[in-house]
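A short worksheet on the structure shown next.
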Amino acid sequence: MKPAILRMKSASLVQDEKGPASVNRFPQTRQTLIQRIATDRQAPEWNTFLDDYWGPVVRFAIRSGNLKTQDAEDITAETFKTLFTADLLSRWLEDRRSRLSTMLCVVVRNLISNRARLQSGREKIMHELKPVLTAEIARRQRDPAEDRFYEAWAESLLQSTLLQLQQDYLMRGRVNAFRVFYGRVREGLSNPEIADCLNLKVTDVENHYKRTRGQFTDRLRSGIEEHVRRYGAEDDFAQEVEWEWQTLGEYLKTHGDLESVFRQLPAESEELRCRERESKADLLQQLTSFIDRKTEQHD
């Protein structure tokens, strides 16, 4: 079978489950966007929140409950519904002793443990969540689950960055440059093997890889800057970005290097990505209905 770098057309990459051991932490999420979600409950803000956290929560659910992707997506949708209907984000803003990632971990694990009872409705689960969250805050100790959550977030960032780079390079006609990078980081091919596949000189392969990796690194840092800009405190922006960048570097170093991390991630089909878009659109519609009903009640 031909290597994937020869079969690439448009969007043939990324995302799904398993991944390795421990890492430092899940990015600290501060008030900016969360404050607006909790106070205004506007659909556009929830859309951004879903785009940022859907992937990490799905991955975390897969690993925590040993779930299939479809089941993990159901748990993820239920997690965001619970955040909304139980007004957990407002409660979190009032008492910031735990991190947002801690609350997400608690909600996901609680929903997984209650999967058999989901038919009895979310009211019971919401009632059970309050003491669990209280106990979690009281313990205030490092939770290994947050390491898995950080891995999920980092993997989503890496893969979404790779997909964006692919789409940009295809639009600009730089197909071979991307194929070289993809062949190295995703398929573990050597420069001579890539040169043979693409009928290029080895020196051309080396140059393509060096330039494309530089582009990927720049985009990766831009992704972190956007995350911090969206969720971090303005007065700590530069320091927060640098800290997150170093944390990601430590994560990659812990797992070998960039190539090692990518090779542990199975490629995602277009069908899976399409289903994710549909799931998020459906959930956003449900949240919008909740917002409309609450607005009518207040009026």
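Values below: all heavy atoms of this structure, side chains included; hydrogens, waters and symmetry mates excluded.
Residues Arg186 and Leu162 form a side-chain contact, since some pair of their non-hydrogen atoms from C-beta on lies under 4.5 Å apart. Taking the side chain as every heavy atom from C-beta outward, Leu88 and Thr82 approach each other to under 4.5 Å. Within the 4.5 Å cutoff, side-chain heavy atoms of Leu89 are placed close to those of Met103. At a threshold of 4.5 Å between non-hydrogen side-chain atoms, the residues Phe60 and Leu104 do not count as touching. Between Leu200 and Val180, some side-chain heavy-atom pair lies under the 4.5 Å cut-off.
A salt bridge is absent between Glu250 and Lys253; no separation between the charged side-chain nitrogens and carboxylate oxygens falls under 4.0 Å. No salt bridge links Arg59 with Glu73; every basic N to acidic carboxylate O contact stays at or beyond 4.0 Å. A salt bridge is defined here as a Lys NZ or Arg NE, NH1 or NH2 lying under 4.0 Å from an Asp or Glu carboxylate O, and Glu193 with Arg184 fails to meet this definition.
For the pairing with Val57, the side-chain contact (heavy atoms from CB on, under 4.5 Å) check across Leu50, Ile75, Thr76 returns one residue only, Thr76.
Put simply, the side chain of Ser160 gets close to the backbone of Leu157: a donor and an acceptor are under 3.5 Å apart.
Of the inter-residue distances, the one linking Gln166 atom CD with Tyr182 atom OH reads 8.0 Å to the nearest 0.5 angstrom. Of the inter-residue distances, the one linking Tyr53 atom OH with Trp153 atom CH2 reads 8.5 Å to the nearest 0.5 angstrom. Here the straight-line distance linking atom SG of Cys105 with atom CZ of Arg109 works out to 5.5 Å at 0.5 Å rounding.
Pairing each heavy atom of Leu248 with each of Ala154, the nearest pair is CD1-CB, 4.0 Å. Here the closest non-hydrogen pair linking Arg263 and Gly188 is NE-CA, 3.4 Å. Looking at every heavy atom in both residues, Leu220 comes nearest to Trp245 through C-CZ3, 3.9 Å. Ser64 and Ile112 make their closest contact through CB-CD1, 4.1 Å (heavy atoms, listed as atom of the first residue, atom of the second, distance). Nearest approach of Ile62 to Ala72, heavy atoms of both residues: CG1-CB, 3.4 Å.
Residue pairs meeting the salt bridge (Lys or Arg N to Asp or Glu O under 4.0 Å) criterion with at least one member in residues 203-220, sequence neighbours excluded, are Asp168-Arg219, Arg213-Glu259.
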Does Val228 form a side chain to side chain contact (heavy atoms under 4.5 Å, CB included) with Phe237? I'd like the steps, not just the answer.
CA-CA 7 Å; Val228 173; Phe237 178 77; 3.7 Å; yes
Evaluate Trp54 against Phe49 for ring pair (Phe, Tyr, Trp, His ring centres under 6.0 Å), listing each step before the verdict.
CA-CA 8 Å; Trp54 181 274; Phe49 188 49; over 10 Å; no
Test salt bridge (charged side-chain N to carboxylate O under 4.0 Å, His left out) on Glu155 and Arg63 and set out the steps.
CA-CA 13 Å; Glu155 289 170 7; Arg63 292 170 185 176; 2.6 Å; yes
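Figure legend: Arg174 and Tyr169 shown as a cation-pi pair, the cationic atom lying under 6.0 angstrom from the six-membered ring centre and within 45 degrees of its axis.
Counting heavy-atom neighbours within 6.0 Å of Gln239 CD, excluding the residue itself, gives a total of 12 or less. Dense packing is recorded around CG of Asp257, with more than 12 heavy atoms of other residues, nucleotides or ligands lying under 6.0 Å away.
With ring centers used as reference points, Tyr209 lies 6.0 Å or more from Phe216.
Hydrophobic clustering (side-chain heavy atoms under 4.5 Å, transitive across Ile, Leu, Val, Met, Phe, Trp, Tyr) keeps Phe181 apart from Val202.
For the salt bridge (charged side-chain N to carboxylate O under 4.0 Å, His left out) test, residues two or more places apart in sequence or in another chain that qualify with Asp52 are Arg230.
Under the 3.5 Å distance criterion, with hydrogens and angles disregarded, a donor-acceptor pair is assigned to the side chains of Ser90 and Asp87.
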